[in-house]
Every structure is written in structure tokens, then in C-alpha cells.
Amino acid sequence: MSAGLSGAVGAADPVGAVGSGTTPVVTLGTRALAPVFVRLKLSLLRNGLRQSSGRTAAYVISVVFALLIAAGQLLGLILLRGNDGAATLVVVLTALVALGWAMLPLFFPSGDETLDPSRLVMLPLRPQALIGALLAASLVGIGPLFTLCLVLGSAIAVAHGAAAMVVSVFVVPLALLVCVALSRAVAAANIRLLTSRKGRDLAVLSGLVIAVGIQFINFGVQRLNEAGGLSALDPVADVLRWLPPASAIGAVDSVSEGAYGRAVPQLLLSLAALAALLYWWRRSLVKLMTAPDGSTIAAAAGPARKESASGLSRLLPAGRTGTVMQRSLRYVWRDPKTKAAWVTSLAVGLIVPLVNALQGNGSIYLACFAAGMLGIQMYNQFGQDTSAFWMVALTISSTSDAYLELRARAFALLVITLPYSALVTILTAGLLGDWQALPEALGLSFALLGAMMATGAVASARFPYSIPQDSAYKNVAPGQAGLAWISILGGMLGGALLCAPVIGLTIALHVSGANGWTWLVLPVGTAYGALIAWAGVRLAAPRTASTLPEILTAVSKG
């Protein structure tokens, strides 16, 4: 990116060059830089699509779908014109779109190379002109087109009368510019974080945020249906219509109602927000291009600190068990893909039972969903190590070593899964007010967790597969998808079957009318879960010890 821009800047005539004649400072204006940046954005897009036909096809399909959705929402908003709830809906939609623009660079920092202004630090460009050029380049793409259709449809939906139409001509580009400037300002202020390891971890978790957001949107839509329509959003819209850029759409609605005294401050708020965002963006660019970072500051003097034995390591058992547990827990905290899998399981395992309980149609037995989601983390234990598994394989020379390795990994998972499963079950019981069923629900959860530990250990030994590290969105190496399906689905079905005795006991107690004895499911389920988990690890240990070369080959393919 910077190489292509250097050539473009070098070919341009310097305007207002300053200096003694040896090293002129190029002060190109926005009018000269903007076409260069727009062509650069198009070149980056074109060259990216040339990398593979699959990428080109995916992009074309996404463009088609985005255009269809944009056209559909534009038509839908126009048809909403004259509806009593139109103003409420368009204000809320505009605010949600602006929130999406603010969050986009935090989760997809690598989606657009022009989002990284640190690539331009070596070029002799003034921040003021650079902002205008980057803003022009930011208006090229699917996202701006989608936003333009939504804002245009929103303005048409609430614009009634000539005055409102005239105001809409200014409001539509203003709202679009606020969204784009917000995204750019956030990206510039956080670019050093986003290009670091922690930033890449954040990008990996973007799918989780989307999944959780969809659950809350679904819950909100159901609540709206119960409340009888969009009128339930009126209090929210009354607040949002004073927050840019939704205030710009609110100004159009105010003009339509003849409330010019309310429209003027709403419009001024959006103009002030745009000015403030451009100023913030400029300050971030100046700081980014002039202030040193960790790569230019010498490391602090003094010897490196030795890692102390305090904290979690002091609570873990000594020997191989504690070492393996500590390694597994560090993977959960430090490895992006392992962390993403864990956070997804933790969030979904909590959301499903609680959302159903809040809707009034839940069951305390849905709390077992948390144990099931967390138990999946026991599967493909060796694949999570990727090619580094060879170092673990060097320490396994017998069935006893394999047993200790698998047992310690199971212990590491139980450190998180046991208290979390109990917490989800207690919260579900509290929301439902069904405290009497709490012991049996806990017993079922612990039994399921033990069964998942058992089947996960066996599946890890018999069906290991590689997890690619070169892509944040691929969890199975090419050619191993069948192994992954057999491992996870087969193991989950086996885990459900292994829980049959505890499930049968629970049903029998209810059918016989012995509801006062259902508390027995808790100790029985806990003991059964521990026993079945121990048996599964024992069964998987010989297979692990005897097939180490095959496991190492399978997990190293990615």
C-alpha cells in the first residue's frame, strides 16, 4: 500500500513546498490526494480478488446479497412512509448502524488495508489532507452503499413536505459521513492495539459477538411482539433522536412535524459530532505518525523478571499433573483459537437457558446445555496442540504416562466447567423460581459433564485432527472434516447415551411420585460422572500410547 502511494506522491507536483531546498516537504491538498487514495482502494480490492477464484466468487456473492438486502430495506422503508411507527423505527435503525460502524474496525482490522494509517507514516503527507483523502476512499465499498440506502430510505420515510425534503438533502450525506468518520476515528485511535496479538484475539472473537448479538436481537423482537408493536421502542427512540447520527434523521422528522426549534439543535448535534470525530481522527493520526511506540523505545534496563511460583501454579498439584494442567489453562488464556472456542461455549451455554427462562418458557433442565457445550472442549485434545504435540509425545512412553496426560487435561477443564455449570444451573433455577428441581438438575449436569469427559478422551485418541493456524475461520485441516464430524457428533451421542442411567433415575422418581427423593440425583449424578470420566480416560490411555506416531501425523497436517 505505502509503496504504491509513494509512487503516486512522488509523481505529483509538490504544492507549497517548504524548506531550504534540500528536502522539500510535500503538502498536497485533499483535492490532489483524494483521487489517488480512491484509485488505491480500488487497486487493493482488485488485486485481492485476483488471488483466487474462490475469493472472487465469495466477494461477488456477498456483493449480490448486500445489494439485494440494501434494495429491499430501501423499498421497505419507503413503503413505511406514513406509518405511525416509522420515525421510531428509522431512528433506532440509524443508531444501530452507527454502532456497527464503530465496532467494525475493532473486530475486522484486517478487512481493509486502508484502515491501517501506520502504513503511511513514512510518507510526507499532512494530516489535514490525509483525512480528506482517507474519508473519500472510505466511501468506496459495500458498507457505505448499504448505509447510504438505509439512511436514504429512513429520510424518505419521515420526510413530509418541501422543507423536510430540502433538509433530507443535507441529512443523508451528513449521517453517512458521521458513520464513516466514526469508524475511521476508532480505527486510528486503536490501530496499535488492533495490529497486536491482543487485537488479533479480539478479531477471532468477532463471531461470538455476532452470535450473542443475534440472540439478544431475537429476544428483543419477541418482547416487541408481546408489547404490541413498535410503540414499545418510543422511550428508546426519544433518547436516540438526540444522539448523532440518529439526531440527523430526527431533525427530518421534526421538520415534518413543524417543530423547527427542535430540528435545529438535532441537526447541529450531528454537525458537531462530525467535526469532533474529524478532530479526534486528526489527533490520532498526528500521534500515530510522530509518537514512538514499543518498536522504537529500548527495552527497560535491568534483568528479566523470573516467573514466580505464585498465583494459580501454587494451587495446582505437583508433578506432571500440575504441569499439564497449567499448560492447558495457559492455552485457554493465550491461544486465540482455544480462547475463542472457550468463550463461545461459555457464552452460548449461559445464553440459551437464561434467555429461555426470561421468556417464561424455559426449563431448568436446559441448564444441562452449559455442561454439554463445555464438555465439547475435551474433544481433539491433541489437535489443539497442533505441531507442538511432538514435545508432549516425547514425554509419553507408556500407558501410565498417557493416562496421567489425559487425566490432567480433564482436570484442567473441570477447574472451569464444574463451577460454571453449577452457576448456570443456579441462575436458571433462580429465574424460574424452581429451587426444588435444583439438586436433580445439578446431578444431571455433572453426569453429562463426566460423560463428555469420557467420550472426549476416547475421541481424542481415536479421531485426532489438525486445527489450521493460518486462518481465524478454519477449524479443520483440508481432508479431515470427516474425522471432525465423527469425533464431535459421535462423542456427543455417546455422552448422551452414557447419561441414560441418571436420566432414567430422574424419570423414575418423578413417575413414581417420589418427588421428595429427587435430591438423590445430585450425589448419584456426581459420583456417576466421576466414575464414567475415569473409565473413559482409562480406556483412551492405551490407545494414545500405542498410536502416538499416527496422532502426531494427524495433528500436524495443518
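Only a predicted model underlies this, so the values are computations on that prediction, with no experimental measurement involved.
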Contacts table for residues 142-164: side-chain donor-acceptor under 3.5 angstrom, sequence neighbours left out:
from : atom 1 : to   : atom 2 : distance (Å)
T147 : OG1    : W101 : NE1    : 2.8
T147 : OG1    : G143 : O      : 2.9
S154 : OG     : L150 : O      : 2.7

- Using the test side chain to side chain contact (heavy atoms under 4.5 Å, CB included), find all partners of L79 that sit at least two apart in sequence or belong to another chain. L75

- Taken to the nearest 0.5 Å, the spacing of Y420 OH from W342 CH2 works out to 10.5 Å

Show me, pair by pair, the donor-acceptor contacts under 3.5 angstrom made by side chains of residues 267-278, not counting sequence neighbours?
from : atom 1 : to   : atom 2 : distance (Å)
S270 : OG     : S247 : OG     : 2.7
S270 : OG     : A248 : N      : 3.2

- Non-hydrogen side-chain atoms of V252 and V90 separated by less than 4.5 Å: no

- Go through the structure and list residues passing side chain to side chain contact (heavy atoms under 4.5 Å, CB included) with V38, not counting sequence neighbours. L42, A136, V140

Taking distance alone, no hydrogens or angles, what donor-acceptor pairs closer than 3.5 Å link side-chain atoms of residues 367-374 to residues at least two apart or in another chain?
none

- Message: Suppose we screen for salt bridge (charged side-chain N to carboxylate O under 4.0 Å, His left out). Which residues come up paired with D238, at least two apart in sequence or across chains?
- Response: R241

- Among L350, V352, L366, find the residue that satisfies the side chain to side chain contact (heavy atoms under 4.5 Å, CB included) test when tested with V424. L350

- Under the side chain to side chain contact (heavy atoms under 4.5 Å, CB included) rule, collect the residues that match up with L432, sequence neighbours excluded. A357, I364, T428, D434

- Is there side-chain contact between V166 and V255, with at least one heavy-atom pair below 4.5 Å? no

- Would you indicate whether the side-chain heavy atoms of L329 and I416 approach each other to under 4.5 Å? yes

- Query: Any chance OH of Y365 has more than 12 other-residue heavy atoms, nucleotides or ligands included, within less than 6.0 Å?
  - Reply: yes

- Item | Pairing residues for R283 by the side chain to side chain donor-acceptor pair (under 3.5 Å) criterion, not counting sequence neighbours | Y279

